[in-house]
A.B. asks: 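First, the structure itself, so that you have it in front of you.
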Amino acid sequence: MYLHIGKDKMINRKDIIFILDYKGLKENKIFNDFFENIKKENIKDISENNPKTIIITKEENNIKAYISNISSNTLANR
């Protein structure tokens with residue numbers, strides 16, 4: 001099964017590690033350290049300047065992050 005996370009981007013549900021609320025993480029030092037360790041080319045911002053959710057995946061043995069403008073509640077209900 002695939003999950004639409006915004007802006008014509010679909011990801012395989014089995015690749016999702018976690019989905020987190022963006023607002024709650026902006027000031028979290030542990031997450032910011034983790035996020036800085038992800039290679040910049042593995043971070044895709046598809047939020048159209050309205051970040052609501054961060055989706056962390058493991059695709060082809062690489063950790064990737066997507067910043068989406070779709071809320072975590074909406075993604076959970078899909």
Side-chain angles (χ1 to χ4, degrees):
M1 289 284 257
Y2 286 86
L3 176 67
H4 175 259
I5 61 169
K7 203 172 185 182
D8 297 328
K9 179 64 182 169
M10 305 275 286
I11 56 175
N12 195 324
R13 287 180 184 265
K14 71 179 179 104
D15 293 337
I16 297 173
I17 297 173
F18 49 86
I19 298 172
L20 301 166
D21 182 56
Y22 183 81
K23 290 179 187 175
L25 294 174
K26 285 194 306 188
E27 299 174 13
N28 185 301
K29 183 182 177 350
I30 294 170
F31 185 77
N32 284 330
D33 291 345
F34 168 77
F35 208 63
E36 286 180 15
N37 287 323
I38 298 174
K39 294 179 181 179
K40 296 293 183 202
E41 65 268 11
N42 288 339
I43 301 172
K44 306 272 193 258
D45 187 349
I46 58 171
S47 70
E48 299 176 337
N49 296 319
N50 186 21
K52 293 183 180 177
T53 305
I54 298 173
I55 302 109
I56 305 295
T57 65
K58 185 173 183 182
E59 301 171 36
E60 301 172 4
N61 292 323
N62 291 315
I63 300 296
K64 294 186 179 185
Y66 298 93
I67 302 171
S68 175
N69 61 346
I70 299 174
S71 75
S72 56
N73 286 337
T74 299
L75 291 173
N77 290 324
R78 288 186 172 180

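In this text the structure is predicted, and so the values were computed from the model without any measurement. Along the sequence shown, residues are numbered consecutively beginning with 1.
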A.B. asks: Are the side chains of Phe31 and Ile54 in contact, using a 4.5 Å heavy-atom criterion?
C.D. replies: yes
A.B. asks: From Asp33 CG over to Ile38 CD1, what is the distance, rounded to the nearest 0.5 angstrom?
C.D. replies: 11.5 Å
A.B. asks: Measure across Ala65 and Ile56 and return the closest heavy-atom pair with its distance rounded to 0.1 Å.
C.D. replies: CB-CD1, 3.6 Å
A.B. asks: Let me confirm one number: the CD-NZ distance from Glu59 to Lys14, rounded to the nearest 0.5 Å.
C.D. replies: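 Rounded to the nearest 0.5 Å, the CD-NZ separation comes to 10.0 Å.
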A.B. asks: Between Leu20 and Ser72, is there a side-chain heavy-atom distance shorter than 4.5 Å?
C.D. replies: no
A.B. asks: Can you confirm whether Asp15 sits close enough to Lys58 that some side-chain heavy atom of one is under 4.5 Å from a side-chain heavy atom of the other?
C.D. replies: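 Not touching, per the 4.5 Å side-chain cut-off.
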A.B. asks: Any side-chain heavy atom of Ile16 sitting closer than 4.5 Å to one from Leu3?
C.D. replies: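 The answer is yes, as the side chains (C-beta and beyond) meet within the 4.5 Å cut-off.
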A.B. asks: Going by side-chain contact (heavy atoms from CB on, under 4.5 Å), Ile17 matches just one of Ile55, Thr57, Ile63. Which one?
C.D. replies: Ile63
A.B. asks: Report the distance from atom CE of Met1 to atom CD1 of Ile11, rounding to the nearest 0.5 Å.
C.D. replies: 13.5 Å
A.B. asks: Answer whether the closest heavy-atom distance between the side chains of Ile43 and Asp45 falls below 4.5 Å.
C.D. replies: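 They are not in contact (no side-chain heavy atoms under 4.5 Å apart), so the answer is no.
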A.B. asks: Begin from the C-alpha positions of Leu75 and Thr53 and carry the test side-chain contact (heavy atoms from CB on, under 4.5 Å) through to its verdict.
C.D. replies: CA-CA 9 Å; Leu75 291 173; Thr53 305; 3.8 Å; yes
A.B. asks: Below 4.5 Å, heavy atoms only, C-beta onward: do Tyr2 and Arg13 meet side chain to side chain?
C.D. replies: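 Heavy-atom side-chain distance check fails, nothing below 4.5 Å.
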A.B. asks: Please tell me if the side chains of Ile46 and Ile5 come closer than 4.5 Å, counting only heavy atoms from C-beta onward.
C.D. replies: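 Heavy-atom side-chain distance check passes, below 4.5 Å.
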A.B. asks: Count the heavy atoms of every other residue, nucleotide or ligand shown that sit under 6.0 Å from CZ of Phe34, and state whether that count exceeds 12.
C.D. replies: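 Yes, CZ of Phe34 has more than 12 neighbouring heavy atoms, counting only those of other groups under 6.0 Å.
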A.B. asks: How long is the straight-line distance from OH of Tyr66 back to CD1 of Ile19, given to the nearest 0.5 Å?
C.D. replies: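 So the gap between those two atoms works out to 12.5 Å.
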A.B. asks: Would you say Asp8 has more than 12 foreign heavy atoms packed within less than 6.0 Å of its CG?
C.D. replies: no
A.B. asks: For Ser68 versus Ser47, what's the shortest heavy-atom pair and its separation?
C.D. replies: C-CB, 3.8 Å
A.B. asks: Within the structure provided, determine whether His4 and Ile70 are in side-chain contact (heavy-atom separation under 4.5 Å).
C.D. replies: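 In contact.
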A.B. asks: Rounded to the nearest 0.5 Å, how far does NZ of Lys7 lie from NZ of Lys44?
C.D. replies: 12.0 Å
A.B. asks: What about Ile30 and Leu25, same hydrophobic cluster or not, with Ile/Leu/Val/Met/Phe/Trp/Tyr joined at side-chain heavy-atom distances under 4.5 Å?
C.D. replies: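 Different clusters.
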